[in-house]
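In what follows, chains carry the letters A, B, and so on, assigned in the order in which the sequence lines appear, proteins first and then strands, with residues in each chain numbered from 1. As the structure is a computational prediction, the values presented were derived from the model and not from experiment.
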Amino acid sequence: MIQGPSVDWIAIAPEVALIVGAFGLLLLATFARAYERGLSIVVGLGALAVSVAFSVAAWGNAPVVTMADAFRVDDLTELVRITVAIMAALVILLSVGWARFREHGSEFTALLLLVCAGMGVVAGSTSFVTLFVGLELFSLSLYVLCAFDGKSRASLEAGFKYLVLGTIGSIVLVYGAAFLYGATGSFMYGGVAASLAEGGSHDSIVTLGTALVLIGLLFKVGAMPFHMWVPDVYEGAPTQVTGFMAGATKLVAFVALARIVLEALPAVEHLWSPVLIIAAVVTIIGGNIAALVQTNVKRMIAWSSVGAAGYALIGIIVNGSDGLRGLVFYLAAYAFTAMGAFAVIAVFERDQVREKGYATLDGMRGWGFSRPFAAMAMVVFLLAFAGFPPTAGFIGKFVVSGTAVTHGYAYLAIIGAIGSVIGLGYYLRVILSMYDRSRKSDVGLPASPGLGGATLVILICLAVVLLGGIVPGILLDWSGQASAFLAVVK
Amino acid sequence: MTELVWITLALPIVGVVVLALLGMKLPARGAGWFASLIMLVAFGCAAIATILLASRPEEERQVVQVAWTWLSAGNFSVGLDLWFDELTAVMLLIITGVGFLIHVYSIGYMKDDPQSRRFMAYLNLFVFSMLLLVLSANLVLLLAGWGLVGLSSYLLIGFWHNKPKAIKAAKKAFIMNAIGDVGIAIGAFLLFVDLGTLTYSGIFAGAASLSETQASIACLLLLVGALAKSAQLPLHTWLPDAMEGPTPISALIHAATMVTAGVYLIARFNPLFHQAPKVLDLIVIIGVVGLLMAGLIALVQTDIKRIIAFSTMSQIAYMFVGVGLMSYWSGVFHLFTHAFFKALLFLGAGLVIHALHGEQDIRNMGGLRKQLPKVYFCMMIGALALSGIFPFSGGFSKDAILASALSVDTPIGWIAYIGGLAGALLTGIYTFRLMFMVFHRRMSPYAENVIPHSVKHHGEGPSTMLWPVYILSIGAAFAGLLQIPGVTHVFLSWLEPISPFGMVEPSAGQEWLTTLIGTVVGLTGIAIAYHLYARENTAPELIRNGNARLIHRALERRLYWDDLYEWTFERPLQWASSFLNRDVDSPAFRWAPLDGLGQLTAFFGRSFTVIENGIVRMYALVFALGIGAVILFLLVRG
Amino acid sequence: MGVSLNFFLGLSAILFSVGLVGVLLRRSPLTILLSLEIMLNSVNLTLVAFSREVGGSDGQVFALIVMGIAAAEVVVGLGLVVAMTRREMVLDTDELRTLNG
């Protein structure tokens with residue numbers, strides 16, 4: 001008799017709820033086509049709510065290991081689950097008025113739920129096998145979500161590019177995992193670490209494996225030189241999906257990177273640390289410089305997102321308990337900032353009189369006066385990207401840079417500061433364009449007076465970004481609680 | 001009880017947010033009444049909180065509450081901390097109480113102004129910043145409130161932004177206040193370096209461990225901030241110019257609250273100042289010189305608001321003398337009474353200006369007491385209080401300071417006493433010069449044309465403008481009864497605990513003596529003013545053209561302080577900046593290498609985008625090259 | 001007995017390179033997907049080889065999982081290709097560059 005592994009269903013209840021919700025929705029929708037949109041919203045938000053409920057209930061509990069030790073539910077997993085679920089709920093809110101959603105809402109929402117489930121699996125995985133399964137689960141669904149906009153060829157193009165490049169990335173990751181397995185005999189992070197600690201950490205197979213695993217994860221994170229997919233995919237995908245990707249994917253990928261690097265590969269720090277340092281420096285400078293010459297705002301934020309990944313890398317390089325806390329806070333705050341910024345862009349695109357609503361600097365001239373609330377929110381989000389007080393972005397960068405300095409990586413903090421200054425160059429350009437009275441924009445008056453679901457999304461993101469900046473105490477505490485479960489190398 | 005204090009602090013900012021979001025949708029008067037209601041509720045909360053505080057035994061009346069820690073790195077932590085004690089309670093009551101009255105006054109004053117909602121929002125913002133300043137329990141929050149107060153004052157002085165003089169005045173005020181901000185910031189930094197903490201509790205506890213030099217430097221720096229905010233020498237030139245702003249602002253900011261922040265600062269930091277006795281002496285000297293100088297300048301001003309402005313500078317100098325002598329209770333007591341009678345005078349002046357359709361030159365007034373009897377009556381009360389005549393409030397408070405000077409039997413004390421008495425004489429003269437020239441004598445031709453018409457149509461003013469004036473006059477008249485020497489000691493006993501080292505307390509005999517002398521001196525001043533100005537002789541012209549011509553001119557030019565600053569700072573700076581612009585910046589930007597740097601950055605940026613050409617194979621190629629690079633790198637290293 | 005590990009690793013490296021070169025050189029989306037499949041299979045080969053080396057069946061189980069996921073990947077990829085055809089887009093990735101910069 002083959003014994004199946006023990007499965008702690010309560011521990012994986014969020015993912016189960018999401019998967020059940022996804023398939024249940026698809027099933028229901030086939031029978032009730034007429035109510036597809038309403039059903040999607042209700043079931044989607046409902047499943048997300050259930051998932052969040054379970055996660056919140058388990059917050060603060062001792063870690064639970066299940067699935068034959070391949071999956072661990074600790075506060076970090078919970079934090080990722082909750083953030084991702086909130087992001088997904090915001091996506092649904094943003095999609096409510098979308099025509100495509102009306103026709104295919106059930107598929108969209110089902111895919112979104114599966115993405116969340118996959119992300120949860122990645123966040124909690126303690127083995128390369130679960131990591132890969134979760135990674136592929138959310139990536140595949142995300143490829144389709146990126147290509148979802150039927151009207152736009154750009155959307156399909158973005159989805160296809162993401163698929164091709166993403167698959168290469170995943171393959172590289174598994175290849176690396178295979179090498180590590182060959183060297184250490186285990187797929188589990190703990191097993192790998194134990195074996196490496198005993199010896200053989202200078203084996204060329206180990207080197208190869210580490211290199212490939214790093215590359216695979218750096219791809220997902222969007223660091224240079226594996227960033228090529230980010231601008232195209234962010235630009236082509238439906239804006240609310242972009243907002244989700246910018247925040248949630250980064251958060252999850254970094255958590256995976258942190259877990260692997262700190263739990264599985266502490267013995268080979270001499271290998272991954274220099275790689276990450278070089279990647280961080282190149283990414284911060286490169287991402288910001290490239291953003292400088294952009295005229296399409298969506299693409300500009302995409303490049304800036306590449307730069308942001310560089311900052312987060314600093315957090316992993318430094319990795320004291322302060323550094324990791326800063327990392328988690330920075331990523332969580334970034335998720336809300338990015339979602340908010342893309343929500344504003346979504347509003348702009350909807351305002352466009354012409355069919356092709358491209359958010360360009362020229363196109364946004366003077367738009368700030370027709371939509372004062374959205375434009376003001378955008379200013380806050382851009383300031384948060386740049387790292388200005390009193391936003392959460394400032395606190396995040398402050399904590400990360402501060403720990404970099406105190407742990408002897410001052411040069412990284414300086415490069416980060418240079419990047420922020422360069423960033424101001426293009427963020428300010430957007431703000432000035434929005435409030436430029438001199439040229440009449442093509443937009444004219446907004447098509448509909450209300451913002452729809454976008455108002456709520458922008459409000460929530462604005463609240464988190466500002467509160468995180470003014471009273472970060474409690475959010476920092478939660479981040480610290482979560483990051484405590486990342487083993488500290490230093 | 002602390003919840004009430006938090007609510008008091010939060011209410012004005014709620015008001016600002018609501019007015020900012022909904023402002024245009026509310027009717028103008030509605031916005032005004034809403035803002036005033038917020039203030040009234042805030043006052044109520046402050047009052048109840050004070051009563052609750054008073055019900056506690058004396059030792060428990062210092063409440064410090066940490067709401068949340070904003071930043072903590074290692075041993076350093078700073079947060080939103082609240083400090084509520086007897087001194088704070090007094091300030092809270094003044095700020096919210098007088099603030100409320102001025103909000104109501106502004107409803108009438110701003111009646112025809114289309115921007116009145118913005119004005120109300122700014123007023124609420126100002127009150128919030130002032131509350132933050134007095135409630136903070138650490139230097140970081142104090143700086144935040146300090147800076148916000150400067151900002152609100154800038155917004156309010158420059159409210160009429162199509163008036164170039166007002167804009168210039170607002171900028172001047174802001175810059176001088178900024179100098180003060182820098183002083184406090186550096187002082188805070190020094191204290192942090194010496195004591196390792198920025199919270200008041202920490203600083204007060206550690207003050208005794210500082211050497212006199214350390215404490216003196218820190219106190220000097222804090223003093224710079226106080227001088228700037230309170231418009232004392234040498235950072236005083238912004239105050240008269242600030243009169244370009246609307247009159248309610250002059251009453252609120254430049255009489256009752258913002259300018260008193262410096263006095264509050266010194267009183268609050270008394271444990272620290274106790275360690276720097278030389279700085280305290282300096283404060284007294286600055287105070288004495290200031291009160292005399294301001295009093296002299298006020299004698300020759302012709303703009304009704306500027307007379308009152310210089311009077312404010314002079315009275316605040318008195319408060320500085322009080323706290324400099326370590327008689328904190330008398331300084332704050334004068335702050336308290338001054339809030340009433342000075343705001344009263346400003347608001348009354350506002351009514352006069354309103355009735356005369358904007359005329360502010362007292363030479364174009366005269367004889368108004370028959371046309372504006374209520375205003376005359378109230379302003380007379382204010383003037384008598386200002387001149388220190390028993391039994392009005394100003395008499396008790398000013399003479400409390402003078403009595404403290406007497407009881408400190410040192411040269412400094414005597415200088416303070418003599419100077420203070422001379423100042424009281426001057427006060428009597430300039431105050432009643434104002435009263436006589438505005439309300440007595442023959443009416444000027446201008447006033448004759450304008451007054452009857454405006455009184456017939458609008459009475460002396462709308463009731464929203466009159467009622468605050470009435471209430472303030474009651475305060476100006478009777479507030480002194482809180483501290484009758486030897487009889488009621490409310491202020492003294494209330495404020496005693498704030499200074500762990502004790503305060504200067506003159507005996508009842510000394511206080512009655514100074515009150516008597518002070519009243520006599522004040523009456524003398526009134527008599528001089530009466531002789532010179534009350535009748536139809538051309539005393540002003542006589543003085544101006546007579547022997548005292550040079551002195552008169554010097555006083556009119558405010559003792560050349562403005563010119564000094566203009567020549568030493570403004571002109572060199574302007575010259576330097578246009579030089580830099582013309583001969584350094586512009587050529588530099590056209591200088592190839594510097595321009596090249598910009599081009600280079602853009603070039604690199606574009607190079608990234610050139611690779612990003614949209615073709616998947618290219619992306620995959622870069623990916624593959626990246627893989628190769630990383631593997632090679634690690635193999636070589638490992 | 002049997003073929004040494006290095007042969008397997010060498011073969012899988014070759015396969016991986018073949019696949020990678022295929023992605024780099026070919027323009028048709030279908031061929032690219034094909035090349036990706038080759039790369040995935042090279043990984044599978046590595047996993048199985050190492051599994052034999054290390055002992056235990058972990059590697060083989062993982063290889064099976066990878067195979068399943070590879071199949072899913074293909075489905076999604078082909079679905080996208082079908083969608084592209086439906087929108088009358090040219091199936092040439094070099095032409096697929098409206099998103100650039």
Side-chain angles (χ1 to χ4, degrees), chain A residues 157 160-161 164-165 168-169 172 201-204 206-208 210-212 214-216 218-219 224-232 268 270-272 274-275 278-279 285-294 299 303 306 322 373 395 398-399 402-403 406 422 425-426 470-474 476, chain B residues 13 17 20-24 66-81 140-141 144 147-148 597-638:
Chain A
E157 184 182 323
F160 186 72
K161 282 181 182 169
V164 172
L165 294 166
I168 300 180
V172 166
S201 56
H202 291 269
D203 195 358
S204 55
V206 170
T207 314
L208 213 51
T210 314
L212 292 173
L214 270 183
I215 294 172
L218 283 175
F219 164 83
M224 284 189 165
F226 310 108
H227 65 286
M228 311 288 289
W229 60 278
V230 173
D232 286 6
V268 285
H270 61 279
L271 287 180
W272 50 258
V275 172
I278 298 180
I285 301 292
N288 282 304
I289 294 186
L292 265 178
V293 300
Q294 299 297 324
R299 215 173 168 85
W303 276 107
V306 170
D322 267 349
F373 171 64
I395 303 280
F398 178 77
V399 179
T403 47
T406 52
I422 302 180
Y426 52 85
I470 301 175
V471 283
I474 191 150
L476 276 173
Chain B
I13 201 70
V17 170
L21 289 177
L22 295 180
M24 292 320 281
V66 182
W68 50 69
T69 316
W70 186 56
L71 269 183
S72 87
N75 292 335
F76 167 71
S77 86
V78 79
L80 189 60
D81 311 343
V140 174
L141 213 54
L148 262 181
L597 185 63
Q599 304 274 29
L600 199 70
T601 321
F603 171 73
F604 278 122
R606 261 188 296 264
S607 65
F608 284 115
T609 56
V610 158
I611 310 177
E612 195 91 13
N613 60 4
I615 301 181
V616 200
R617 302 194 290 145
M618 171 62 107
Y619 297 2
L621 177 63
V622 174
F623 201 135
L625 290 174
I627 298 177
V630 174
I631 294 180
L632 218 61
F633 174 72
L634 285 185
L635 282 177
V636 163
R637 273 184 72 100

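- Closest of all the heavy-atom pairs between B:Asn613 and B:Tyr619 is N-CE1, 3.9 Å.
- Residues B:Gly614 and A:Glu157 come closest through the heavy atom pair O-OE2, 4.5 Å.
- Closest heavy-atom contact between B:Met618 and B:Ile611: CG-O, 3.4 Å.
- Residue A:Ile285 does not touch chain B at all, counting heavy-atom pairs closer than 4.5 Å.
- Using a 4.5 Å cut-off between heavy atoms, A:Leu218 makes no contact with chain B at all.
- Between A:Trp229 and A:Phe219, the gap from one ring centroid to the other is short of 6.0 Å.
- When the candidates A:Ile422, A:Asp232, A:Val172 are compared by the number of heavy-atom contacts under 4.5 Å with chain B, A:Asp232 comes out ahead.
- Only the side chain of A:Leu208 comes within contact range of chain B, judged by heavy atoms closer than 4.5 Å.
- Note on A:Thr210, A:Val275, A:Leu292: by heavy-atom pairs under 4.5 Å with chain B, the leading option is A:Val275.
- Nearest approach of B:Thr609 to A:Ala290, heavy atoms of both residues: CG2-O, 4.3 Å.
- With chain A as partner, the option from B:Leu625, B:Ile631, B:Ile627 having the largest number of non-hydrogen pairs under 4.5 angstrom is B:Ile627.
- Ranked by heavy-atom pairs shorter than 4.5 Å toward chain B, the options A:Pro274, A:Ala291, A:Gly402 are led by A:Pro274.
- Classification of the B:Phe608-A:His227 ring pair by plane angle, with boundaries at 30° and 60°, yields perpendicular.
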